[in-house]
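This report refers to the structure that appears directly beneath it.
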Amino acid sequence: MMTEQLLEQLLAGLYEGIAKEAVLINEPLKNHTYTKMGGLADLFLIPSTYEETAFAVRYAYEHELPLTMLGNGSNLVVRDGGIRGIVLSFEKLTDISVEGHELVAQSGAAIIQASRVAYDHALSGLEFACGIPGTIGGALIMNAGAYGGEVKDCLHSATVLTRKGELLNISHEELELGYRSSCFSKKEYIILEGRFLLTEGDPALIKEMMDDLTHKRETKQPLEYPSCGSVFKRPEGYFAGKLIQDSGLQGARIGGAEVSQKHAGFIVNIKDATATDYISLIRHVQETVQEKFGILLEPEVKIIGEELHS
């Protein structure tokens, strides 16, 4: 944790470009993740504008402070020791607009909401996203996908900041979108917004598809418990959930974390799980599946932060 003297110095500088109420000290990250787990953030910033965001990014760079971006924490496990330096939250950057066939969504907007706005404008292309719980920023980083569709199918470009706070526009060709991967993490870009090129569609058909996908999600996924969504990437030629189920792991528990009995591809927080419980269960699932089938499951969920030291 930071010393009081260092903290005072940093706050004095931050308040020059960010509103006081947007700066939280020693903020519990379990309040900002879908798993309801995670230690404290030294400084948790919630900018309301691109200017405030750029100021925070430049400030972190100039003061050599670690900088971590956070959307809605839907595909994330934060370790119990928390995160040092600055955590930058996009929870107030949620605007979505439509210009002709182009939908523009800020990084903190829910991709589910983006799919609904597209439907409201009779635009097709984002139906697959109607059940993905993440934000636009997270969806771009991961090239999120579901039910045969993925971000790369309709993303036209993105506006980002570099770690020095420089503004860039990245074209589709430069995005390097692959299976659950993109250029954003490799180049450490901070995403401000994504621009999606959609097509005119029949509202009735768009709604029918979205209703069908929502029904599939609600009936097959354990939405009644906190989780980070699907934990593992799909191994080539297999389904992660089927491998876990066939390994007899459904219902396996460590502490308050459990392999979901509704969908084996999910690990749920059934009772006050710690991040240590959750990560230990991920490792146990990996070891068991590899021992039984010779396949190492690769996590799709991102694990960040520090271990808790006693």
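Computed over heavy atoms, backbone and side chain alike; hydrogens, waters and symmetry mates excluded.
Of all non-hydrogen atoms in P222 and H263, the two that sit nearest each other are CD-CB, 4.0 Å. Taking both residues in full, the closest heavy atoms of Y34 and P133 are given as OH-O, 3.4 Å, listed atom of the first, atom of the second, then distance. Of all the heavy atoms in D95 and A109, the pair that sits closest is O-CB, 4.4 Å. Closest approach of A264 and V259 over heavy atoms only: O-CG1, 3.6 Å. Taking both residues in full, the closest heavy atoms of I136 and Q106 are given as CB-O, 3.4 Å, listed atom of the first, atom of the second, then distance. Closest non-hydrogen pair, A118 versus L198, comes out as CB-CD1, 3.8 Å.
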> Can you check side chain to side chain contact (heavy atoms under 4.5 Å, CB included) on V289 and F232, steps first, answer last?
Replying inline: CA-CA 12 Å; V289 170; F232 300 101; over 6 Å; no

>> Between R116 and D120, is the salt bridge (charged side-chain N to carboxylate O under 4.0 Å, His left out) condition met? List the steps.
In response: CA-CA 6 Å; R116 291 171 182 161; D120 289 340; over 6 Å; no

>> As a quick check of understanding, evaluate side chain to side chain contact (heavy atoms under 4.5 Å, CB included) for F90 and I191, giving each step before the final call.
In response: CA-CA 10 Å; F90 292 89; I191 299 167; over 6 Å; no

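Y278 places no side-chain N or O within 3.5 Å of a backbone atom of V77 that could act as its donor or acceptor partner. For the pair S89 (side chain) and E91 (backbone), a donor-acceptor distance under 3.5 Å is present. In terms of modelled atom types and a separation under 3.5 Å, the side chain of Y59 and the main chain of L10 share a donor-acceptor contact. A donor-acceptor distance shorter than 3.5 angstrom exists from the side chain of D80 to the backbone of T276, with no hydrogens or angles considered. Proximity of a side-chain donor or acceptor of H121 to a complementary backbone N or O of L123 within less than 3.5 Å is not detected. Side-chain atoms of T53 do not come within 3.5 Å of backbone N or O of P47 as any donor-acceptor pair. Within the 3.5 Å criterion, the main-chain N or O of E127 finds no donor-acceptor partner in the side chain of S115. Not a single donor-acceptor pair under 3.5 Å links the side chain of Q290 to the backbone N or O of Q286. A donor-acceptor pair is defined here as one N or O able to donate and one able to accept, closer than 3.5 Å; no such pair exists between the side chain of R84 and the backbone of E306. In this structure, the side chain of Q261 does not engage the main chain of Q250 through any donor-acceptor pair within 3.5 Å.
When only modelled atom types and interatomic distance are considered, H63 and Q9 share no side-chain donor-acceptor pair under 3.5 Å. Under the 3.5 Å distance criterion, with hydrogens and angles disregarded, no donor-acceptor pair is assigned to the side chains of T214 and D211.
For the atom pair L155 CG and L140 CG, the distance stands at 4.5 Å (nearest 0.5 Å). Here N269 contributes atom CG and E258 contributes atom CD; the two are 10.5 Å apart, rounded to the nearest 0.5 Å. The distance from the CE atom of M210 to the OH atom of Y147 is 13.0 Å, given to the nearest 0.5 Å. Within the model, atoms CD1 of I112 and CZ of R217 stand 5.0 Å from one another, a figure rounded to the nearest 0.5 Å. The OG1 atom of T288 sits 12.0 Å away from the CG atom of L243 when rounded to the nearest 0.5 Å. Expressed to the nearest 0.5 Å, how far CG of L45 lies from CG of L70 amounts to 11.5 Å.
With a 6.0 Å radius and a threshold of 12 heavy atoms from other residues, nucleotides or ligands, E176 has its CD atom above the threshold. With a 6.0 Å radius and a threshold of 12 heavy atoms from other residues, nucleotides or ligands, F239 has its CZ atom at or below the threshold. Residue K302 places its NZ atom among 12 or fewer non-hydrogen atoms of other residues, nucleotides or ligands, all under 6.0 Å distant. Within a 6.0 Å radius of NZ in K262, more than 12 heavy atoms belonging to other residues, nucleotides or ligands are found. Within 6.0 Å of CZ on R58 lie more than 12 heavy atoms contributed by other residues, nucleotides or ligands. For K186, the NZ atom is densely surrounded, since the number of other residues' heavy atoms within 6.0 Å is greater than 12. The environment of Y238 atom OH is sparse: at most 12 non-hydrogen atoms of other residues, nucleotides or ligands sit within 6.0 angstrom. The environment of NE2 in H172 is crowded: more than 12 heavy-atom neighbours from other residues, nucleotides or ligands sit within 6.0 Å.
Contact check for I141 versus Y189: no side-chain heavy atoms found under the 4.5 Å cut-off. No side-chain heavy atom of D277 sits under 4.5 Å from any side-chain heavy atom of D272. A 4.5 Å side-chain heavy-atom check between S107 and L192 finds every atom pair outside the cut-off. Considering only heavy atoms from C-beta on, T35 stays 4.5 Å or farther from V78 through its side chain. Using a 4.5 Å cut-off on side-chain heavy atoms (C-beta onward), V151 and I111 make contact. In this structure, the side chains of L205 and E208 come closer than 4.5 Å at one or more pairs of heavy atoms.
Listed by chain and residue number, V268, I270 satisfy the side-chain contact (heavy atoms from CB on, under 4.5 Å) test with Y225 (two or more places apart in sequence, or in another chain). E150 is linked by a side-chain contact (heavy atoms from CB on, under 4.5 Å) to N143, K152, D153, R180, counting only residues two or more places apart in sequence or in another chain.
In this structure, V117 is a member of the same hydrophobic cluster as I132, with clusters built from ILVMFWY side-chain heavy atoms closer than 4.5 Å.
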